[in-house]
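First the structure, in the form of structure tokens, and then the observations on it.
By convention in this document, chain letters (A, B, ...) are assigned in the order of the sequence lines, proteins followed by strands, and residues within each chain are numbered from 1.
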Amino acid sequence: MVLASLYFIFPFYWLVVSITKNTSQLFQKSIAPGVPNYFLENVRMVLGYENGVFYHWLRNSFFYATAGALVGVFIAALAGFAFRRYEFYGKRLLFLLILGFAMVPGYATTLPLFMIFKSLRFIDTPWAILFPSFVNVFGVYLMVTYWNQVPQELFDAAEIDGASDFLVFFRIGFPGIATGFVTLALLAFVGVWNNFFLPLVMLNSRARMPLILGITTITDPQGFPVYNLTLTASFFTILPLLVIFVVFQRFFRPQLYAGLH
Amino acid sequence: MRRISGWLVRRRREGGPIAPFLLPYLSFFSVFIAAPLIMGFLLSFYKWDLLSAPKFLGFGNYLYLLFRDSKFWTAVRNTFVFAGISTPLLLVVPLLFAIALNRDFRGRLWAMIGLIAPSFFPSAAVLLVWSWMLDVKVGIINYYFQRWGLQPPAWLSDPTTTWLIIIGVTLWWSSGFNTILYLSALQKIPKEQYEAAALDGAGSWAQFWHVTIPWLRNVMVFISTMQVLSSFMIFDQIYILTGGGPYGQTRTVVYYLYETGFQRFQMGRASAMSWLLFGFIAVFAIAQLEVMAKRVRAAE
């Protein structure tokens, strides 16, 4: 039990302690926080690293994750609405197709996507990260279930009032699926923020990288690791997610994935 | 456009056309998922380095990978070993956590956050912290090995300890996610079932075996499926911790795919590899569905 909690807690603790130390304190390997405390100095060094490339990473991460999550989930909500409200030929087939493709690993599409983006000159631009995040296959599946939970009477009432489909979508449907929307958007945000493979393959310029990729490139000019910088930057890659996780705790329901809710 | 949607759609009563709702998704889906998949499939029959003209090889890439490329088979073996070891661990350890967290105790909320939050953390940050802790010269772990008079292992130079680390980090990182799945399933078990079992004289072990486990069966099937699928995809751990070393002993299929496609630019061969990987996954998923269907039938 003690070993287990050590195994789970210690890495947290060690990260938090380590970022209060400068390099020579780090090498002394004391379990206590650094004396004097170098945390602010480390933050200043991270922000000043390579003319403030860290600002770019931070901004990129927020931009890719926010835009990718919102647009992706919104498009999925539209598609879910279509599946709920319309009958059309091949509806079942299309839904099965979408579900089937949800099983396809991202790695299988990344390579050809790389070639397509290369010919479109998207490589090393934000589009290479944004476009793939706009397709939220799993989101469509969940959105269909969310829309199916909106009672039919609401739609009927709106139709009697003569509301157009767009009005129905925004005014009636949307409040009905708002919780689902937030949950999905949060999961998508985390998903884009944490996606390592896509930016690794698509981006070359450090100024375009998101945090998750940027922090792996921190070295001194000779190419040696700079532990205090890497650790402090890692901490700030985790921190936004930790804050989001604690604030929006009730929306993080992995049960969704299992369809067990 | 209107004719197409008019043909496709039998509208429900009044309302606008379906196109604005379905089209954004369908177009993104076809361009960024369906088209790349098809293109990758076609490309797997060619030899192409992105520069010169593609050369048709027929099944050449597949035959090479399956029969001539020992590196590929090593990668497949490594991936299977990882899946085979990490899946049972990630099935059992989170269950223990969930059972512990299912009771009331002081600080339960913080224990939950501490345990569950890491599964939402970015891989690179987690892995960089671990590789700092495990560093042979400056890491804290080897420091304590030495202080306690133990011979510190050369963690990332020996295949066995390297795998131990990869699995250990993965367990640290993804236990929380499965724990929530178990926890929500545990909370659905009716209390009466335990009471009835206790009346029949079942001890806590028998209760666990005959009440808890049957209620968790669906979650367990789900977790094991997801876990096998995601261990087939293992990449970040390998890229950041080992780079496939030592001596290619931790090179996994996706890592090999990355090396082939994005470092050596053998696009055709890498495409073939991703379709083989896809094939493994499809076979596994279908087998899993069969098993589940059988279970359901047996239950009926």
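Put simply, the side chain of A/I212 reaches to within 4.5 Å of the side chain of B/S123, judged on heavy atoms. Contact of the A/F12 side chain with the B/P118 side chain is registered, since non-hydrogen atoms from C-beta on lie closer than 4.5 Å. Residues A/F88 and B/L22 form a side-chain contact, since some pair of their non-hydrogen atoms from C-beta on lies under 4.5 Å apart. Taking 4.5 Å as the limit, every side-chain heavy atom of A/F196 sits out of range of all side-chain heavy atoms of B/P122. B/L115 has its side chain within reach of A/F8: a pair of non-hydrogen atoms, C-beta onward, lies under 4.5 Å apart. You'll find the side chain of A/Y107 stays beyond 4.5 Å of the side chain of B/V253, heavy atoms only.
When all heavy atoms of B/W132 and A/L231 are compared, the closest pair comes out as NE1-CD1, 3.3 Å. Closest non-hydrogen pair, A/L111 versus B/G261, comes out as CD1-CA, 3.7 Å. Residues B/L128 and A/S234 come closest through the heavy atom pair CD1-OG, 3.8 Å. Here the closest non-hydrogen pair linking B/F32 and A/V135 is CB-CG2, 3.9 Å. Contact record, A/M115 with B/S271: CE-OG, 4.4 Å, taken as the closest heavy-atom pair.
For chain A, the option among B/M133, B/M39, B/M273 with the highest count of heavy-atom pairs below 4.5 Å is B/M133. Interface check for chain A: of the options B/S230, B/S274, B/A124, B/S175, the most heavy-atom pairs under 4.5 Å are formed by B/A124. Among B/V129, B/L257, B/L37, B/I140, the residue making the largest number of heavy-atom pairs under 4.5 Å with chain A is B/I140. Each of A/V201, A/V140, A/T216, A/T230 has some count of heavy-atom pairs under 4.5 Å with chain B, and the biggest count is that of A/V201. Ranked by heavy-atom pairs under 4.5 Å with chain B, the list A/L213, A/L26, A/N195, A/L242 is led by A/L26. Annotation: maximal heavy-atom pairing with chain B below 4.5 Å, among A/I244, A/L200, A/L97, occurs at A/L200. In terms of non-hydrogen atom pairs under 4.5 Å with chain A, the most contact-rich of B/D135, B/L43, B/D236, B/L183 is B/D236. Each of A/Y227, A/F235, A/F236 has some count of heavy-atom pairs under 4.5 Å with chain B, and the biggest count is that of A/Y227. No other option in B/P36, B/G40, B/A282, B/A117 has as many heavy-atom pairs under 4.5 Å with chain A as B/P36.
For chain B, the nearby part of A/F27 is the side chain; its heavy atoms alone come within less than 4.5 Å. Only the side chain of A/L94 has a heavy atom closer than 4.5 Å to any heavy atom of chain B. Within the 4.5 angstrom heavy-atom criterion, atoms from both the backbone and the side chain of A/F131 approach chain B. Heavy atoms closer than 4.5 Å to chain A are found nowhere in B/F232, neither backbone nor side chain. Within the 4.5 angstrom heavy-atom criterion, only side-chain atoms of A/F169, from C-beta onward, approach chain B. Residue A/F245 touches chain B through its side chain alone, counting heavy-atom pairs closer than 4.5 Å. Residue A/K91 does not touch chain B at all, counting heavy-atom pairs closer than 4.5 Å. Heavy atoms of A/L241 lying under 4.5 Å from chain B belong exclusively to its side chain. At a 4.5 Å heavy-atom cutoff, A/F74 makes no contact with chain B through either its backbone or its side chain. Contacts between A/V137 and chain B at a heavy-atom distance below 4.5 Å involve backbone atoms as well as side-chain atoms.
A donor-acceptor contact shorter than 3.5 Å links the side chain of A/N194 to the backbone of B/F120. Without hydrogens or angle criteria, A/Y7 side chain to B/G168 main chain gives a donor-acceptor distance under 3.5 Å.
For the atom pair A/F197 CZ and B/Y239 OH, the distance stands at 10.5 Å (nearest 0.5 Å). Note that CZ of B/F121 is 5.0 Å distant from CD1 of A/I238, once rounded to the nearest 0.5 Å. Atom CG of A/N136 is separated from atom CZ of B/F28 by 12.5 Å, given to the nearest 0.5 angstrom.
Within 6.0 Å of CZ on B/F105 lie more than 12 heavy atoms contributed by other residues, nucleotides or ligands. Other residues, nucleotides and ligands contribute at most 12 non-hydrogen atoms within 6.0 Å of the CH2 atom of A/W127.
For B/F262 and A/F114, the distance between ring centers is under 6.0 angstrom. The aromatic ring centres of A/F166 and B/F21 sit less than 6.0 Å apart.
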